[in-house]
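To start, the structure under review is shown below, and the notes come after it.
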There are 2 protein chains.
Amino acid sequence: MLEEHLVSPTPDALTTFLQRQIHSGCLVQVAGEMEVQYMGRAMSMAEAGQYLVLLKGDGSLQVHGPKGVKPMNWQPKTDSVQVTVERGYCVLRAHRRKPDELVTITMLLPTLAQAIRLQEAAFELSGSEAQMQETLARHPELIEPGLTVLNRELVTAAGGIDLYARDREGRFVVVELKRGRATQDAVSQLARYVDAAQRLTGGVVRGILAAPEMTGPARLELERRVLEFVQVTALPALEQQAVQPGLFD
Amino acid sequence: MLEEHLVSPTPDALTTFLQRQIHSGCLVQVAGEMEVQYMGRAMSMAEAGQYLVLLKGDGSLQVHGPKGVKPMNWQPKTDSVQVTVERGYCVLRAHRRKPDELVTITMLLPTLAQAIRLQEAAFELSGSEAQMQETLARHPELIEPGLTVLNRELVTAAGGIDLYARDREGRFVVVELKRGRATQDAVSQLARYVDAAQRLTGGVVRGILAAPEMTGPARLELERRVLEFVQVTALPALEQQAVQPGLFD
DNA sequence: GCGTGTATATCGTGG
DNA sequence: CCACGATGTACACGC
């Protein structure tokens, strides 16, 4: 799995290594003192420091500092990655055409370069909004008795309505789901959809925000707009699962 | 800078290594076959695959697969990281209290473990919205002649207004900035602020969306709400800088 | 700790 | 390609 491993390579050796490994499909790493420059949607300059570069097989690039999940610099996709020797340093340029972006890394003092082969396996996530939507579409009574779901992800000019339904009295209902605490933004979003639906149908349309909880200001905004709130949870049985023995032994 | 380096360590050796290095302030890596489980805001399970774990000195954790900038699993902050041997495997548990989250990694076949010392240096970013705001606050004429800025980041019940100003005719103006293409959401946001300002002042308040461009639907929504658009760019001189010689030689 | 908003957001989806 | 919205968003900032 560790395909290649260089310690304190010379600029030439690092350049050759990178040129060889970049298209190998491996995850390629370089650690050491470097300077990183970015130009594109914004611009940034990181002066000489010790960083870790990850270049993945799909062409994505990230430069990590000592802190945080988020890389200091990155490039989600690259159209070309060039490695050259310039002024005695190995220089890596990762370019992306749309949007036009360039990350330039000057390897001042590389101390480590290696290639690792990774392999992804099955990955399952529960508790996403998509899953909530599926559950509620199958069991709309969890929102309100007598509710009938007409559409999921109904596309309108205002955007996609999570659930479009009819209540037991025949009124149309727009449901906006949030998997976490709902904010004012969620209320604005719901209001926009309700407006759009009202313009389309001509009648009165109810708007329901379905979320585990909401912020105080969101509640005020919701009441001001005469919209409704229904409590739903993304992970109904989480509490039970959390007390399963063996987790913190 | 490369503080320690183990190849295909035994579970015991890996456990000892991790327990020692976790509080060293180094960036700690483990690569190899592993199983990753997450429980907290949601739940996830990654079956046995080849992944790369990064544990940084600030307690953040990320598990990378072969593709993408975003880690497959992560933990932005941890309150405790425990490493034990269980059923013959080295098991790492990264726990966070608020929100209550747990990432569990079972190292099935570690092929590489190492500790690297990183050091951050000066980092400068241009073209952020904050910088746009500063520029426009100093040169409000770029938005409109005769504009006087009253507040930056004015906090209201509806949220923070980027720029609050008065036009040459004395009307209040709410300016919402976007550093990229503005969407319907941005228009909703602006509308919410304008509503709030109108309720406060009692008079008519203008709303200006200042961005480099906007989407088609956003434009329609803007017009429907009788709001205005002004073109501003986050990086005014980018084109000139992009054709500087030496970039693609 | 909450609420809010930005981000070079990234990423997937659907038209 | 564009538009839109979710994300276990992360992260910084103000109260």
Side-chain angles (χ1 to χ4, degrees), chain A residues 38-44 60-62 67-77 96 98-103 125-133 153 155-162 176-186 189 192-193 213-218 234-235 238, chain B residues 38-44 60 62 67-77 96-103 125-133 153-162 176-186 189 192-193 213-219 234-235 238:
Chain A
Y38 162 74
M39 262 189 55
R41 285 169 288 178
M43 285 174 60
S44 77
S60 65
L61 168 82
Q62 42 196 310
K67 292 189 304 188
V69 167
K70 195 186 158 197
M72 175 188 69
N73 261 290
W74 68 91
Q75 193 84 285
K77 275 175 193 158
R96 182 188 188 180
K98 188 81 198 223
D100 192 4
E101 295 183 302
L102 180 68
V103 172
L125 178 81
S126 334
S128 64
E129 190 187 292
Q131 219 174 62
M132 263 176 81
Q133 190 185 117
E153 287 299 338
V155 178
T156 72
I161 294 176
D162 286 341
E176 172 63 26
L177 297 181
K178 287 295 161 201
R179 71 168 306 289
R181 187 176 294 185
T183 63
Q184 290 191 73
D185 265 6
Q189 209 179 330
R192 206 171 73 221
Y193 299 154
E213 47 184 342
M214 62 196 306
T215 67
L235 287 173
L238 184 60
Chain B
Y38 162 75
M39 262 190 55
R41 286 170 287 177
M43 285 174 59
S44 77
S60 65
Q62 43 197 308
K67 292 190 304 189
V69 166
K70 198 185 157 198
M72 175 188 69
N73 261 290
W74 68 93
Q75 195 80 288
K77 275 175 192 160
R96 182 187 188 180
R97 246 175 242 125
K98 188 85 198 222
D100 192 5
E101 296 183 300
L102 179 68
V103 172
L125 178 80
S126 334
S128 64
E129 191 186 292
Q131 218 174 61
M132 262 176 83
Q133 189 185 117
E153 288 297 340
L154 175 64
V155 177
T156 72
I161 294 176
D162 287 340
E176 171 63 26
L177 296 181
K178 287 295 162 202
R179 69 169 307 291
R181 186 176 295 185
T183 63
Q184 290 190 75
D185 264 7
Q189 209 178 335
R192 206 171 72 222
Y193 298 154
E213 48 183 343
M214 62 196 306
T215 68
R219 179 169 291 283
L235 288 173
L238 185 59

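Just so it is clear: chains get the letters A, B, ... in the order the sequence lines come, proteins before strands, and each one is counted from 1.
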Q: Please report, rounded to the nearest Å, how far the C1' atom of dC1(D) is from the NZ atom of Lys98(A).
A: 8 Å

(Q) For a quick check, tell me whether the side chain of Gln75(B) and the base of dG8(D) share a donor-acceptor pair closer than 3.5 Å. (A) yes

**Q.** Nearest heavy-atom neighbours spanning Ser44(A) and Leu125(B)
**A.** CB-CD1, 3.6 Å

Q.
Does dG8(D) have OP1 or OP2 under 4.0 Å away from a side-chain N or O of Arg96(B)?
A. no

Q | Euclidean distance, atom CD of residue Glu129(A) to atom P of dT13(C) [Å, nearest integer] | A | 14 Å

Q: Would you please confirm or rule out a distance under 4.0 Å between OP1 or OP2 of dA12(D) and any side-chain N or O of Lys70(A)?
A: no

Q: Could you state the atom-to-atom distance from CD of Gln131(B) to P of dA12(D) in whole Å?
A: 18 Å

(Q) Quick check on DNA chain D: between Glu153(A) and Val155(B), whose nearest nucleotide comes earlier from the 5' end? (A) Glu153(A)

Q.
What's Glu176(A) touching, base or sugar-phosphate or nothing? Going by heavy atoms closer than 4.0 Å.
A. sugar-phosphate

Q. When all nucleic acid strands are considered with a 4.0 Å heavy-atom cut-off, which category describes Gly180(B): base, sugar-phosphate, or nothing?
A. nothing

Q. To the nearest 0.5 Å, what is the distance between CD (Gln189(A)) and CD (Glu176(A))?
A. 4.0 Å

Q: Would you please confirm or rule out a distance under 4.0 Å between OP1 or OP2 of dT6(C) and any side-chain N or O of Lys178(B)?
A: yes

Q: Could you tell me which non-hydrogen atom of Ser126(B) sits nearest to which non-hydrogen atom of Ala42(A), and how far apart they are?
A: O-CB, 3.1 Å

Q | Leu125(A) CG - dC11(C) P separation (whole Å) | A | 16 Å

Q) Counting only side-chain N and O atoms of Gln184(B), is one of them less than 4.0 Å from OP1 or OP2 of dA3(D)? A) no

(Q) Whether Arg41(A) contacts dA9(C) is assessed here as follows: a side-chain N or O lying under 4.0 Å from the phosphate OP1 or OP2. Is that the case? (A) yes

Q: Could you state the atom-to-atom distance from OH of Tyr193(A) to C1' of dA3(D) in whole Å?
A: 12 Å

Q: Check every strand shown and say whether Ala158(B) touches a base, only sugar-phosphate, or nothing at a heavy-atom separation below 4.0 Å.
A: sugar-phosphate

Q: Can you tell me the distance, in whole Å, between the CD atom of Glu101(B) and the P atom of dT9(D)?
A: 8 Å

(Q) Just to be sure I understand the rule, does Ser44(B) reach a base, reach only the sugar-phosphate, or reach nothing, if contact means heavy atoms closer than 4.0 Å? (A) nothing

Q: Determine the Euclidean distance between corresponding P atoms of dC11(D) and dC11(C); express it in Å to zero decimal places.
A: 15 Å

**Q.** Under 3.5 Å: donor-acceptor pair, side chain of Gln133(B), backbone of Glu129(B)
**A.** no

Q) dT9(D) phosphate, OP1 or OP2: any side-chain N/O from Trp74(B) under 4.0 angstrom? A) no

Q: Could you tell me whether Gln189(B) contacts a base, only the sugar-phosphate backbone, or nothing, with contacts defined as non-hydrogen atoms closer than 4.0 Å?
A: sugar-phosphate

Q) Lys67(A) has an atom NZ; how far is it from atom P of dA10(D), in whole Å? A) 17 Å

(Q) What's Arg192(B) touching, base or sugar-phosphate or nothing? Going by heavy atoms closer than 4.0 Å. (A) sugar-phosphate

Q.
Testing Lys178(B), Arg181(B), Arg219(B) one by one against Glu213(B) for a side-chain contact (heavy atoms from CB on, under 4.5 Å), which residue passes?
A. Arg181(B)

Q.
What is the distance, to the nearest angstrom, from the CZ atom on Arg181(B) to the P atom on dC1(D)?
A. 13 Å

Q. Can you tell me if the side-chain N/O atoms of Thr215(B) get under 4.0 Å from OP1 or OP2 in dC4(D)?
A. yes

Q) Start at the 5' end of DNA chain C and walk down; is the nucleotide closest to Gly127(B) or to Lys77(A) reached first? A) Gly127(B)

Q: When you get a sec, tell me which of dG5(C), dC4(D), dT7(D) is the closest nucleotide to the side chain of Ser128(A)?
A: dT7(D)

Q) Taking the side chain from Arg179(B) and the backbone from Gln131(B), do they hold a donor-acceptor pair closer than 3.5 Å? A) no

